[in-house]
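Let me begin by presenting the structure, written as structure tokens, before commenting on it.
Per chain, numbering begins at 1; letters A, B, ... match sequence-line order.
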There are 2 protein chains.
Amino acid sequence: MPTKNIRRALDVQGLRVTNQRLLVLQVIQRGQGHLAADEIYRRAREKNPHLSLSTVYRTLQTFKKLGLIEELHIDEGHHHYEKRSTQHHHLVCLGCGRVVEFQYPSANLIKKNVREARDFEVTSSEIRMTGYCPKCRQERE
Amino acid sequence: MPTKNIRRALDVQGLRVTNQRLLVLQVIQRGQGHLAADEIYRRAREKNPHLSLSTVYRTLQTFKKLGLIEELHIDEGHHHYEKRSTQHHHLVCLGCGRVVEFQYPSANLIKKNVREARDFEVTSSEIRMTGYCPKCRQERE
DNA sequence: TTCATTGCAAACAGTTTGCACCTTC
DNA sequence: GAAGGTGCAAACTGTTTGCAATGAA
């Protein structure tokens, strides 16, 4: 997402464009999927060692509300964030913790069905599977 | 699940059958879906006021490992637990927090596809959607 | 100049752990 | 009697918040 769009997204809400916000967003964009807050913090601090962790959290909440990023509940204990993009889902290996993303086009169909069957306005959906990747499966034997 | 089966499940692992474990499991079984740890604690204490919260947590971990219950990541901040039963999924209302369960038979198909496409041994899957229930949708207008 | 935003430290919530005592087998 | 389980309090982890200082508009 070019800077211009971020500016607009913030502007519309009367929010200010700060270095911290631009930096956090940059980290998330470069980070290819599901970063935890403390990892975002770590990476962002390489560029701006003054950045505080609470700013990271506040920024993440802000971006979430703006719809710029999505919050995932991949594993226990903490959240992950990633930029909002083409819908994809997550496959979590219980052995090594690796997270594989996969597309599943008919997820939209499920969404539509649920909407109709339950009269629920669905704003987001996530399919999350856990199991063992080929490598960990081998090691378990 | 009758007591006999619980006993066996524990027995097989060399684990002991204690009042606390039976009590926690009973609460979960009666609790019809997704209880948070502190709610389980609250309910169990009505029967045994001596029960400690850490025992509840330890018991939940034990049951999870045994496959007697499942841990869900429905919302932020804390986990939910429910007895392992017929596969169902969750629809979370962002307005009132209500969680509606729904069945989705073709979830198994997705599972199978993912297994084949990714060579991933899938042990569990959850579809989680967020949105607004009819009531909250009305109120938002 | 004004008001949103930040950094810091302190508070929180949920969960885990060490240890002495208790219970199941 | 031995080993596993429990209760308690204290520790931990991830996240949030109050407040004074800072910086974008």
Side-chain angles (χ1 to χ4, degrees), chain A residues 3-4 6-25 27-28 34-45 47-66 68-69 71-81 97, chain B residues 3-4 6-25 27-28 34-45 47-66 68-69 71-81 97:
Chain A
T3 307
K4 211 186 281 176
I6 303 163
R7 287 183 181 278
R8 189 167 45 214
L10 290 169
D11 241 36
V12 167
Q13 303 293 318
L15 300 173
R16 291 179 182 169
V17 178
T18 65
N19 289 331
Q20 290 91 331
R21 287 182 174 159
L22 294 175
L23 177 54
V24 167
L25 197 53
V27 168
I28 295 173
H34 57 266
L35 295 172
D38 64 335
E39 179 62 18
I40 294 171
Y41 176 57
R42 215 184 49 69
R43 296 191 190 184
R45 267 169 86 95
K47 285 229 172 162
N48 173 2
H50 272 296
L51 181 70
S52 86
L53 183 55
S54 37
T55 297
V56 171
Y57 277 110
R58 280 189 279 230
T59 303
L60 291 172
Q61 292 308 324
T62 303
F63 287 169
K64 194 174 80 171
K65 279 187 201 129
L66 292 178
L68 298 177
I69 62 171
E71 187 180 76
L72 307 173
H73 307 103
I74 287 182
D75 65 6
E76 28 236 80
H78 56 188
H79 308 148
H80 288 86
Y81 300 85
Chain B
T3 307
K4 210 185 280 177
I6 303 162
R7 288 182 179 278
R8 189 166 47 215
L10 291 168
D11 240 36
V12 167
Q13 304 291 319
L15 299 174
R16 292 180 181 168
V17 178
T18 65
N19 289 331
Q20 290 90 332
R21 286 180 175 162
L22 295 176
L23 177 54
V24 167
L25 197 52
V27 168
I28 295 173
H34 58 268
L35 295 173
D38 66 333
E39 179 62 19
I40 294 170
Y41 176 57
R42 216 184 47 70
R43 296 192 191 181
R45 268 169 86 95
K47 282 228 173 161
N48 174 2
H50 271 295
L51 180 71
S52 85
L53 183 55
S54 37
T55 296
V56 171
Y57 277 110
R58 279 189 280 231
T59 303
L60 291 172
Q61 293 307 325
T62 303
F63 288 167
K64 192 173 80 169
K65 279 187 199 128
L66 291 178
L68 298 177
I69 61 172
E71 188 180 77
L72 307 173
H73 308 103
I74 287 183
D75 66 9
E76 28 236 80
H78 56 187
H79 308 147
H80 288 87
Y81 301 87

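Taking atom CZ of Arg21(B) as the reference point, atom P of dT23(C) lies 15 Å away to the nearest angstrom. Regarding Leu60(B), its CG atom lies at a distance of 12 Å from the P atom of dT6(D), rounded to whole Å. The CG atom of Leu23(B) sits 14 Å away from the P atom of dT24(C) (whole-angstrom rounding). Rounded to an integer number of Å, the gap from Leu10(B) CG to dT24(C) C1' is 12 Å. When the P atom of dT24(C) is taken as reference, atom CZ of Arg16(B) falls 9 Å away, rounded to whole Å. Summarising the geometry, the separation between NZ on Lys65(A) and P on dA4(C) is reported as 14 Å, rounded to the nearest angstrom. The CD1-C1' distance, from Ile40(A) to dT15(D), rounds to 13 Å in whole Å. As a whole-Å value, the separation of Tyr41(B) OH from dT15(C) P is 14 Å.
Of all heavy-atom pairs spanning Val56(A) and Val24(A), the tightest one is CG2-CG2, 4.4 Å. Here the shortest heavy-atom pairing between Ala44(B) and Leu51(B) reads CB-CD2, 3.4 Å. Nearest heavy-atom pair, Lys64(B) versus Ile69(B), reported as atom, atom and distance to 0.1 Å: N-CG1, 3.7 Å. The heavy-atom pair separating Glu39(A) from Leu35(A) by the smallest distance is CG-CD2, 3.9 Å.
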**Q.** Protein proximity profile, nucleotides 7-14 of chain D - base contact B, sugar-phosphate-only contact S, no contact -, cut-off 4.0 Å on heavy atoms
**A.** BBB----S
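When each of dT6(D), dT16(D), dT5(C) is scored by its nearest atom to the side-chain atoms of Gln61(A), the top-ranked nucleotide is dT16(D).
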Q) Passes side-chain contact (heavy atoms from CB on, under 4.5 Å), His73(A) versus His79(A)? Steps please. A) CA-CA 5 Å; His73(A) 307 103; His79(A) 308 148; 3.8 Å; yes
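Using a 4.0 Å heavy-atom cutoff across all strands shown, Ala37(B) reaches sugar-phosphate atoms only and no base atom.
Atom-to-atom distance recorded for His50(A):NE2 and Asn19(A):CG is 12.5 Å, nearest 0.5 angstrom.
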